[in-house]
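Okay, structure first, notes after.
Hydrogens, waters and symmetry mates are skipped; everything else that's a heavy atom, side chains included, is used.
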Amino acid sequence: MCTPPGSNAGPDTLVTTRYTTATSAYQATASILQAHEINTHIILSYILAQLTREQAASTSQQPVPLPSLWIAVWTTCSHMPQNRTLDLIIALTAGPVGPRPLFIASPHTSSTLTSIFLRPRIDRLITELLDGAPEVPVDRIFSVFGSRRLTQYFVATWSRQVQVSPTDSPYMSATYRICTSDTLIGAVPQRTDGVSRLATTQDLDRVSELLQSRSTEIGPYILNGQTARLEAQSLISTNQLYVCESRTSVSGVITSIAAVERTSANVASVNKFYTSSQHRNQGFGSKLLSSVCQFLLHRQGRSAVVIYLSDGSSAADTVTQRVGFRNVNVGVHGADRDWLEQGFQDMNLGHW
């Protein structure tokens, strides 16, 4: 076997590979990422989504997908060149509103990612970003998201090499939580006048309003009326947005939203979970999150629903625990609990 993480690379060889299509990234990495699905879920899910778009574009008149880039660092065994281990992978992708952060992941858990192991591999990634073809502009990397140790090490090395400064505070310090059929609490107290359902085009105005309010409240990715509507249209048209509607009035009012933008074979991720300020602490958020988890776990057959819970969000902490989310445990789930998004100063932000 190749030299394990935590020790020097020894006689083994590091190989960096660049993938400019999801098709090529999928063929090279999917089996490994799927074996570590919770730890690599963001990168895997965006590969799968882009793969679907590429396939659709090749067989129809649909637009060519937005350009994406994945870079992987492999350890190739000197005595068995056909055997290689995926050590790190980064992704640069874009959504309907703009480019996303740089995502970084590893199939290895953070306890094995020593400085000796990371230094040459992070250096390889950065060299490929700066010197590969096509070259990635420095200002494209406006933030980095991954497990805390990976993010901190990449940010420190990138900042030193390209002379940029991290923001004083991270954009997000988060706890990675997971809900499974075993932890899902079916008897969550719920509003009898609240109805959870997929969002439709008739909800566009209200959903746009909630997305804009959420972005203003939590930052740093602030939406205006136009970009909020663009994001709402994208989520609704792809059946990725769920709403909770209060039926206390004749017309009904959407109180809460939750998106499920990232899915892989066994894992789905909930994001953009938000309840309007005037409807909080009334059970609408719990009802929506519980309904979405039940649908994903029981009807779609996923094995896990995950969420990144921003530290210091006491209300979201209470709601997620009430529904059945528990902190990810590296020994059980093979993934790290603490995640971080770190931005860089004086950069034009994208969106995610």
What is the distance from atom [atom1] of [X] to atom [atom2] of [Y], rounded to the nearest 0.5 Å?
X    : Y    : atom1 : atom2 : answer
S237 : L235 : OG    : CG    : 8.0 Å
L102 : L129 : CG    : CG    : 6.5 Å
N239 : T200 : CG    : OG1   : 10.5 Å
D311 : L309 : CG    : CG    : 7.0 Å
Y274 : S215 : OH    : OG    : 9.0 Å
T318 : R322 : OG1   : CZ    : 6.5 Å

Within 45° cone of F142 ring axis and under 6.0 Å: R140 NZ or CZ:
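The answer is no, since R140 fails at least one limit relative to F142.
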Kindly confirm or rule out a cation-pi arrangement of R100 over W352, judged by NZ or CZ under 6.0 Å from the six-membered ring centre and within 45° of its axis?
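No - R100 does not lie over the ring of W352 by the 6.0 Å and 45° rule.
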Check against side-chain hydrogen bond (donor to acceptor under 3.5 Å, both in side chains), T180 and R302:
CA-CA 8 Å; T180 67; R302 312 277 178 189; over 6 Å; no
Return each pair, listed once, that meets ring-ring contact (aromatic ring centres under 6.0 Å, His included) where at least one residue sits in residues 306-343; pairs must be two or more places apart or across chains.
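Sorted result for residues 306-343: F145-Y308, F145-W339, Y176-Y308, Y176-W339, Y308-W339.
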[X] side chain to [Y] main-chain N or O, any donor-acceptor pair under 3.5 Å?
X    : Y    : result
E37  : A265 : yes
R262 : A268 : no
S159 : A156 : no
S256 : C244 : no
D87  : S106 : no

Does the side chain of [X] pick up a donor-acceptor pair with the side chain of [Y] at under 3.5 Å?
X    : Y    : value
Q161 : D123 : yes
H41  : S264 : yes
Q212 : N224 : no
E261 : S269 : no

Ion pair E217/R214, N-O distance below 4.0 Å
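Here E217 does not pair with R214 in a salt bridge, since their nearest N and O are not under 4.0 Å apart.
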Does a salt bridge link D338 with R149, judged by any charged N lying under 4.0 Å from a carboxylate O?
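Salt bridge absent between D338 and R149.
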side-chain hydrogen bond (donor to acceptor under 3.5 Å, both in side chains) evaluation trace for Q50 with R53
CA-CA 5 Å; Q50 184 79 343; R53 289 190 286 268; 3.0 Å; yes
Side chain to side chain contact (heavy atoms under 4.5 Å, CB included) with W74: which of L14, T29, I89?
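Output: one option passes, namely T29.
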Should the heavy atoms of other residues, nucleotides or ligands under 6.0 Å from [atom1] of [X] be counted, would the total exceed 12?
X    : atom1 : value
Y221 : OH    : yes
Q300 : CD    : yes
Q202 : CD    : no

Test: salt bridge (charged side-chain N to carboxylate O under 4.0 Å, His left out). Region: residues 153-174. Which pairs qualify, not counting sequence neighbours?
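Every candidate salt bridge (charged side-chain N to carboxylate O under 4.0 Å, His left out) pair involving residues 153-174 fails, so no pair, neighbours aside, qualifies.
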side-chain hydrogen bond (donor to acceptor under 3.5 Å, both in side chains) evaluation trace for Q294 with S290:
CA-CA 6 Å; Q294 289 183 54; S290 177; 3.1 Å; yes
